[in-house]
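Read the structure below first, then the notes.
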Amino acid sequence: MATIGLFGGSFNPIHKGHVALARQLLRKARLDEVWFLVSPQNPLKPQSSLLDDNLRLEMARLALEEEPRLVASDYEFQLPRPSYTWNTLQHLSKDYPQHRFTLIIGADNWQLFSRWRNSSDILANYSVVIYPRDGYPVDETTLPPNVRIVKTRLYNMSSTLVRQLVSEGKSVRRYLHPKVINFIKENCLFFG
C-alpha cells in the first residue's frame, strides 16, 4: 500500500518553493508520492485573481515533469464545488483503495483547521502532516495522535509575489521553472 501525500492548493502559479517543499516531505514524512491537487475553488480564498483551472494544472504539470514522485492532479475538477477536503478525501479513498492518504498542510492552515468542513472526521480517519510557515507557531504538545509537524526549510516566496513581479515586467527566474515562465509568456498570464 503506497502512502500518498495530498498537497492541495490553487498553485496560481506553482513555484519552486512548492516543489522543493514536496521533495523534502517525500523524504521526511516517508511518502511514496506527493499529489499536487490543483484546487478549482478553495472555500476560504477569494476567486478574483485565480486563473482558469486548466491553465494552473498545465503549469503544475510543466513544473513537475522531471519529478517522477510528484504528480500534478486534476482530481478535484470533477468534484462538486467549492472543494472541501473531506469530500476529496472520501472520493480518493473510494477510487484508490490501494493507497493510504496523508493530508499535507501549512501551519497557517492548521490554525484555521477547526473551520474546515468535517475537520474532526478528517482527523479521525487520516494522517495530517504540517509544514512550518513563518509567523504561525504550532504547539506540538497539543496535536492529535495522527497529526505531526515535519520540520522543513522555510521558502520565502509566494504565488502572490510571482504574480506581482510578472505584472511589473520583472524577472521571476529564481521563483519559477523555465517551462512555467515560457507558458506564462506564451499565454500572456498575470500581465497588468
Side-chain angles (χ1 to χ4, degrees), residues 4-31 33-39 41-51 56 59-60 63-64 67 69-73 76 82-85 88 101-117 119 122-123 126-168 170-178 180-181 184 189-190:
I4 309 296
L6 299 176
F7 189 8
S10 51
F11 303 113
N12 189 40
I14 188 171
H15 56 66
K16 290 180 179 179
H18 292 129
V19 179
L21 175 64
R23 276 195 213 113
Q24 283 190 67
L25 289 166
L26 277 172
R27 189 178 70 256
K28 293 185 174 193
R30 294 186 184 92
L31 302 170
E33 290 182 348
V34 172
W35 292 1
F36 284 67
L37 294 176
V38 178
S39 301
Q41 185 181 347
N42 177 333
L44 298 177
K45 280 194 175 178
Q47 292 296 105
S48 57
S49 62
L50 198 60
L51 284 182
R56 292 180 291 117
M59 286 188 285
L64 302 175
E67 304 283 345
R69 294 170 59 202
L70 305 181
V71 179
S73 172
E76 287 192 330
S83 305
Y84 292 108
T85 300
T88 301
F101 293 102
T102 296
L103 183 62
I104 297 169
I105 62 172
D108 53 337
N109 274 313
W110 178 249
Q111 290 192 358
L112 300 170
F113 198 74
S114 61
R115 290 176 47 198
W116 287 28
R117 182 170 285 191
S119 58
I122 294 171
L123 294 177
Y126 297 92
S127 296
V128 178
V129 166
I130 302 170
Y131 60 89
R133 294 292 299 261
D134 210 13
Y136 296 92
V138 176
D139 181 354
E140 293 187 56
T141 64
T142 64
L143 296 177
N146 59 330
V147 178
R148 63 193 165 118
I149 295 177
V150 175
K151 302 271 193 268
T152 58
R153 193 173 147 215
L154 290 170
Y155 295 94
N156 190 20
M157 58 184 75
S158 71
S159 297
T160 304
L161 171 65
V162 169
R163 290 193 305 272
Q164 180 184 332
L165 292 172
V166 170
S167 74
E168 294 170 359
K170 295 181 178 165
S171 173
V172 288
R173 278 199 319 264
R174 66 181 284 215
Y175 301 110
L176 299 181
H177 189 287
V180 175
I181 294 172
I184 286 171
L189 306 177
F190 307 121

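As a basis for the values below, the full set of heavy atoms in this structure was taken, side chains included, without hydrogen atoms, waters or symmetry mates.
Applying the salt bridge (Lys or Arg N to Asp or Glu O under 4.0 Å) definition to pairs two or more places apart or across chains, those involving residues 132-141 are Asp108-Arg133, Glu140-Lys151. Among pairs with a residue in residues 19-31, those fulfilling salt bridge (Lys or Arg N to Asp or Glu O under 4.0 Å) read Arg23-Glu67, at least two apart in sequence or across chains. Applying the salt bridge (Lys or Arg N to Asp or Glu O under 4.0 Å) rule to pairs touching residues 7-16 yields nothing, sequence neighbours excluded.
Residues forming a side-chain contact (heavy atoms from CB on, under 4.5 Å) with Val147 (at least two apart in sequence, or on another chain): Trp110, Leu123, Val128, Ile130, Leu143, Pro144. Scored by the side chain to side chain donor-acceptor pair (under 3.5 Å) test, Thr88 finds Glu76 as partners (sequence neighbours excluded). For Gln111, the side-chain contact (heavy atoms from CB on, under 4.5 Å) partners are Tyr136, Pro137, not counting sequence neighbours. By the ring pair (Phe, Tyr, Trp, His ring centres under 6.0 Å) test, Phe11 is found to be paired with Phe7, His18, Phe36, residues two or more places apart in sequence or in another chain being considered. Legend: residues meeting salt bridge (Lys or Arg N to Asp or Glu O under 4.0 Å) with Arg163, ordered by chain and number and at least two apart, are absent. Under the side chain to side chain donor-acceptor pair (under 3.5 Å) criterion, Tyr175 pairs with no residue at all, not counting sequence neighbours. The side-chain contact (heavy atoms from CB on, under 4.5 Å) test applied to Arg148 returns Ala29, Val129, Val150, not counting sequence neighbours. Residues meeting the side-chain contact (heavy atoms from CB on, under 4.5 Å) test with Arg173, sequence neighbours left out: Ser171, Ile181.
Rounding to the nearest 0.5 Å gives a distance of 11.0 Å between CG of Leu112 and OG of Ser119. Taking CZ from Arg69 and CG from Leu64, the interatomic distance works out to 13.5 Å, rounded to the nearest 0.5 Å. The CG atom of Leu21 sits 10.5 Å away from atom CZ of Arg153, with the distance rounded to the nearest 0.5 Å. With rounding to the nearest 0.5 Å, the separation of CG in Leu189 from CD1 in Ile184 is 6.0 Å. Taking CG of Leu6 as the start and CD1 of Ile104 as the end, the distance is 7.0 Å to the nearest 0.5 Å.
Under the 4.5 Å side-chain criterion, counting only non-hydrogen atoms from C-beta, Leu70 is in contact with Leu26. The shortest distance between side-chain heavy atoms of Val162 and Leu165 does not fall below 4.5 Å. Residues Tyr131 and Thr152 meet the side-chain proximity criterion, which asks for heavy atoms closer than 4.5 Å.
Shown here for Pro132 and Leu154, the closest heavy-atom pair between the two residues is O-CD2, 3.4 Å. Listed here is the closest heavy atom pair of Leu176 and Pro13: CD2-CG, 4.1 Å. Of all heavy-atom pairs between Phe101 and Tyr126, the closest is O-CD2, 3.7 Å. Taking every heavy atom of both residues into account, Met59 and Val180 meet most closely at O-CG2, 3.5 Å. When all heavy atoms are compared, the tightest approach of Gly8 to Ser39 is C-OG, 4.3 Å.
Not one N or O on the side chain of Thr102 forms a donor-acceptor pair closer than 3.5 Å with the backbone of Gly5.
Paired with Thr85 under the rule side-chain contact (heavy atoms from CB on, under 4.5 Å), one option of Ile105, Leu37, Asn109, Leu103 passes, and it is Leu103.
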